[in-house]
Amino acid sequence: MSTYSTPLEILTSRLRQGIQEMGLPLDLGVVTSTANPRFGDYQTNAAMVAAKILQKNPRDLAREIIEHLQVDDCCEAPTIAGAGFINFSLSKAFLETQIRALSLDGRLGIAKTDHPKTIIIDFSSPNIAKPMHVGHIRSTILGESLARIARFLGHHVITDNHLGDWGTQFGKVIYGLKHLPAGKGLEEAPVQELVRLYREVTALEEQSPTLKAKVREELVKLQHGDQENLALWKKAVKLSWEEFEKHYELLQISFDERLGESFYHDALEPLVHRLLEQGIATKSEGAVVIFFPNHPAFHDKPFLIQKSDGAFLYGTTDIATLEYREARWHPDAVWYVCGSPQQLHFEQLFSVARILGLTSEFRHIAFGSILGEDRKMMKTRSGDNIELGSLLQEAIDRAYSIVQEKNPNFPEEEKQEIARIIGLGALKYADLMQHRMTDYLFSWEKMLSFQGNTAPYLQNAYVRIRSLLRKQETQDTHALGPMVLEEPTERSLALQLLQIGEIIPTLLEDARPNILCLALYELANKFHAFYEACPMLKAQESTKKSRLALAALTGRMLQTGLELLGIQVPERM
RNA sequence: GCGUCCGUAGCUCAGGGGAUAGAGCAGGGGAUUUCUAAUCCCUUGGUCGCAGGUUCAAAUCCUGCCGGACGCACCA
């Protein structure tokens with residue numbers, strides 16, 4: 001455990017001491033960073049809130065609070081402003097001490113949680129025999145980032161890719177494999193081939209009702225364990241997964257578990273039986289459903305768990321999954337990273353979980369859609385979903401041509417690696433920097449720009465730092481020693497570094513990596529300003545060491561922060 | 001019809017009880033014998049959809065309306 005305390009923690013605890021001496025309630029002791037530097041670095045509204053309770057003048061009360069504050073070791077004298085704000089400005093000596101401590105701390109001043117939880121994060125979840133497409137990227141990128149953040153904060157995280165590997169699509173696929181002429185060949189382009197079969201059989205079905213029955217028969221045979229169909233199903237799953245895995249490898253995303261729908265198949269029938277016996281589920285209009293008579297919003301919206309033809313639904317699998325996870329991991333929390341259109345489904349599912357007596361924290365981490373230039377859900381011109389593979393490749397290709405333009409002399413292999421890091425970094429960052437609930441407009445130009453809040457801008461700051469440090473004789477940045485904060489840009493950079501440690505522990509409260517993106521952008525921005533204003537290699541020895549130490553620390557922070565977003569950094573670009 | 005989410009600068013978006021509402025892009029003006037200018041500095045630009053209400057304080061919370069996206073029994 002780190003012994004480092006952030007400025008926010010120190011000021012908060014001092015404020016609470018003061019407030020306690022005055023006999024005021026402790027929960028008034030809230031300190032925040034200021035929105036605008038002209039009000040100092042931190043502020044508290046305690047006096048204004050207390051004034052309300054005590055029926056006193058807020059500015060008088062602020063004066064009284066300041067008299068009880070012991071902050072002379074870390075701030076200039078606190079000031080009173082506006083209606084009764086108390087503003088704190090950190091002293092130079094304190095900032096220097098703090099920033100030095102941060103640089104010596106292995107975790108960069110980012111505390112682990114005091115209450116580690118077991119958290120299951122369910123994300124990505126593509127459908128077998130269908131291509132991964134844009135609809136999966138937000139879940140995949142956001143889920144991975146949340147997993148990384150949660151782990152970094154000391155939680156026990158289990159990531160699970162709940163594959164759609166047992167749907168009705170297999171009736172069509174198996175029929176197609178058996179009866180339709182082979183196309184390109186399964187080995188060559190498996191998902192494409194499976195999709196082709198799926199589409200062709202769907203088209204044929206519309207012309208022939210008898211075919212529909214045959215397709216359905218294949219599905220039933222599969223579900224009853226027919227050897228031939230099972231073998232075909234296994235083959236389709238294997239080949240599809242291998243193609244998905246290429247995407248995950250490219251994105252550097254991995255899962256602890258890959259328990260798809262098929263894993264729960266045998267549990268569904270007994271589950272429905274049990275729910276019926278327990279009176280939790282009832283038969284209605286030929287189907288088996290769960291009603292929520294006491295739920296104000298869902299009293300007329302039942303949760304379907306068995307269709308009238310006997311087939312189970314994804315909701316059925318979800319309940320089985322809930323129970324399996326509970327039995328195996330006893331999670332404190334289960335998070336589903338899944339688009340907002342499925343909100344109703346998850347609210348119902350969580351209601352079922354409560355009926356079953358499960359007490360974990362269930363969260364649907366919803367997100368908006370990615371829109372194309374026409375402001376509609378992003379599609380190809382012909383109206384199909386854009387395949388993930390081609391999207392990733394385009395990101396890499398576009399980044400490659402920029403690298404090629406800027407640095408044609410880099411070795412070919414390095415250019416390709418840089419293109420991958422920049423292209424995919426840009427794609428991930430463009431997604432994560434948005435508030436997750438907003439539908440956002442997809443734009444290659446914006447995400448790959450080196451100006452503004454983009455991954456390449458942050459990566460470029462890192463690359464500048466690496467370039468400086470390479471020109472240093474010693475690579476031991478700790479040996480550079482303490483940092484002196486003379487220039488305004490040095491101070492402002494140091495403060496930003498300190499504040500990232502204050503932000504990261506809060507990211508999971510609302511599952512909002514965009515807050516980290518903004519903080520990292522500001523960090524890079526402040527570094528660039530510092531870089532312009534403060535020469536390093538040309539400075540005299542003591543200044544040079546100090547500034548390089550600040551730069552090195554910035555580099556570590558950028559790398560760590562980007563890593564939490566699942567984004568890599570290149571050495572040069 | 002019911003429900004969820006959204007409406008902030010010309011454009012793309014932050015901010016989700018606190019101070020004079022911010023950033024990027026675009027527009028205008030500057031900085032380069034480079035520590036990678038892939039950058040930095042300055043600047044123009046806003047009845048925060050509309051109307052009420054709560055509060056010492058509302059872009060933020062509540063109600064209604066207008067406009068948009070997405071859901072709402074046998075797909076996932």
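Lettering of chains follows the sequences in order, A, B, ..., and the numbering in each one begins at 1. What you see below is based on every heavy atom in this structure, not just the backbone, and it leaves out hydrogens, waters and symmetry mates.
- Distance alone, capped at 3.5 Å, is enough to place a donor-acceptor pair between the A/Thr454 side chain and the A/Ser449 backbone.
- Under the stacking definition used here (centres under 5.5 Å, planes under 30°), the residue A/Tyr457 fails to qualify as stacked on the base of B/rA38.
- With B/rU36, B/rC40, B/rA38 as the choices, the nucleotide that has an atom nearest any side-chain atom of A/Lys406 turns out to be B/rA38.
- Listed candidates were B/rA38, B/rA73, B/rA76. Nearest to the side chain of A/Pro302 is B/rA73.
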Below 3.5 Å is the cut-off: list the nitrogen or oxygen pairs between protein and nucleotides 4-8 of chain B, distance only.
residue	atom	partner	partner atom	Å
B/rU4	O2'	A/Gln343	OE1	2.9
B/rU4	O2'	A/Gln343	NE2	3.0

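- Remark: aromatic rings of A/Tyr336 and A/Phe346 are close, center separation under 6.0 Å.
- When only modelled atom types and interatomic distance are considered, A/Asp431 and A/Tyr440 share a side-chain donor-acceptor pair under 3.5 Å.
- Checking B/rA14, B/rC56, B/rA19 against the side-chain heavy atoms of A/Gln434 singles out B/rA14 as nearest.
- The CG atom of A/Leu344 sits 16 Å away from the P atom of B/rC70 (whole-angstrom rounding).
- Between the CG atom of A/Leu518 and the P atom of B/rA14 there is a distance of 10 Å, rounded to whole Å.
- A gap of 11 Å separates the C1' atoms of B/rC50 and B/rG7, to the nearest Å.
- When the P atom of B/rA76 is taken as reference, atom OH of A/Tyr336 falls 16 Å away, rounded to whole Å.
- Nucleotides B/rG64 and B/rU47 are separated by 28 Å at their P atoms, to the nearest Å.
- Applying the side chain to side chain donor-acceptor pair (under 3.5 Å) test to residues at least two apart or on different chains, the pairs with a partner in residues 35-44 of chain A are A/Asn36-A/Arg38, A/Asp41-A/Arg491, A/Tyr42-A/Gln499, A/Tyr42-A/Glu502, A/Gln43-A/Asn45.
- Ring pair A/Tyr521/A/Tyr457 is tilted by interplanar angle, where 30° to 60° counts as tilted.
- Nucleotides B/rG45 and B/rG22 have their P atoms positioned 14 Å apart, rounded to a whole Å.
- Comparing A/Ile422 and A/Ala83 against RNA chain B, the residue whose closest nucleotide sits nearer the 5' end is A/Ala83.
- Spacing between B/rU60 and B/rG18 at atom P, rounded to whole Å, works out to 11 Å.
- Contact annotation: side chain of A/Ser369 to base of B/rA69, donor-acceptor pair absent below 3.5 Å.
- Remark: A/Lys172 does not engage A/Glu218 in a salt bridge, criterion side-chain N to carboxylate O under 4.0 Å.
- Residues A/His345 and A/Asp318 have side chains that bring a donor and an acceptor to within less than 3.5 angstrom of each other.
- Between the side chain of A/Asp300 and the base of B/rA73 there is no donor-acceptor pair of N/O atoms closer than 3.5 Å.
- Nearest-nucleotide mapping onto RNA chain B: of A/Asn87 and A/Ala287, the residue sitting toward the 5' end is A/Asn87.
- Taking the P atom of each, B/rC65 and B/rC25 are spaced 41 Å apart, rounded to whole Å.
- In this structure, A/Phe244 and A/Trp241 have perpendicular ring planes: the angle between them is above 60°, well past the 30° mark.
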Output, in order, the C-alpha distance, side-chain angles, deciding distance and verdict of side-chain contact (heavy atoms from CB on, under 4.5 Å) for A/His528 and A/Asn460. CA-CA 10 Å; A/His528 282 304; A/Asn460 181 46; 3.7 Å; yes
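- Side-chain proximity of A/Thr34 to the nucleotides B/rA19, B/rC40, B/rA73 is greatest for B/rA19.
- For the OP1/OP2 pair of B/rG15 and a distance below 4.0 Å, the side-chain nitrogens and oxygens of A/Asn514 include at least one atom meeting the criterion.
- Taking atom P on both nucleotides, B/rA23 is separated from B/rC61 by 23 Å, rounded to a whole Å.
- Applying the 4.0 Å criterion to OP1 and OP2 of B/rC72, one finds that A/Lys301 has every side-chain N and O outside that range.
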Protein N or O to nucleotides 21-32 of chain B N or O, pairs below 3.5 Å:
residue	atom	partner	partner atom	Å
B/rC25	OP1	A/Gln451	OE1	3.4

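- Note: A/Trp166 and A/His265 have tilted aromatic rings, judged against thresholds of 30 and 60 degrees for the angle between ring planes.
- Comparing atom distances between the A/Asp439 side chain and each of B/rC56, B/rA69, B/rA38 picks out B/rA69 as nearest.
- Neither OP1 nor OP2 of B/rC56 sits under 4.0 Å from any side-chain N or O of A/Arg59.
- Base-pairing analysis of RNA chain B finds the following stems of at least three consecutive Watson-Crick or G-U pairs, with both pairing distances under 3.5 Å: B:1-5 with B:68-72, B:10-13 with B:22-25, B:27-31 with B:39-43, B:49-53 with B:61-65.
- Between the CG atom of A/Leu349 and the C1' atom of B/rG71 there is a distance of 16 Å, given to the nearest Å.
- Separating the CG atom of A/Leu441 from the C1' atom of B/rU12 is a distance of 7 Å, rounded to the nearest angstrom.
- Looking at heavy-atom distances under 4.0 Å, A/Pro456 makes no contact with the nucleic acid at all.
- Rounding to whole angstrom units, CE of residue A/Met377 and C1' of B/rG68 are separated by 15 Å.
- A/Arg512 pairs by the salt bridge (charged side-chain N to carboxylate O under 4.0 Å, His left out) definition with nothing, not counting sequence neighbours.
- A side-chain donor-acceptor contact under 3.5 Å links A/Ser351 to the backbone of A/Glu347.
- B/rG16 and B/rU8 have their C1' atoms separated by 12 Å, given to the nearest Å.
- Atom-to-atom, OH of A/Tyr42 to P of B/rG18 comes out at 18 Å; the value is rounded to the nearest Å.
- When heavy atoms are screened at a 4.0 angstrom cut-off, A/Val403 is found touching no nucleic acid atom at all.
- Between the NZ atom of A/Lys52 and the C1' atom of B/rG18 there is a distance of 14 Å, given to the nearest Å.
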Extract all donor-acceptor atom pairs below 3.5 Å that involve side chains of residues 123-134 of chain A and protein atoms in other chains or at least two apart in sequence.
residue	atom	partner	partner atom	Å
A/Ser124	OG	A/Thr140	OG1	2.9
A/Ser124	OG	A/Tyr248	OH	2.6
A/Ser125	OG	A/Asp122	OD1	3.4
A/Ser125	OG	A/His162	N	3.4
A/Ser125	OG	A/His162	O	3.4
A/His133	ND1	A/Gly135	N	3.0

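- Ionic pairing of A/Arg325 and A/Asp160 is present here: one or more N-O contacts between side-chain nitrogen and carboxylate oxygen are shorter than 4.0 angstrom.
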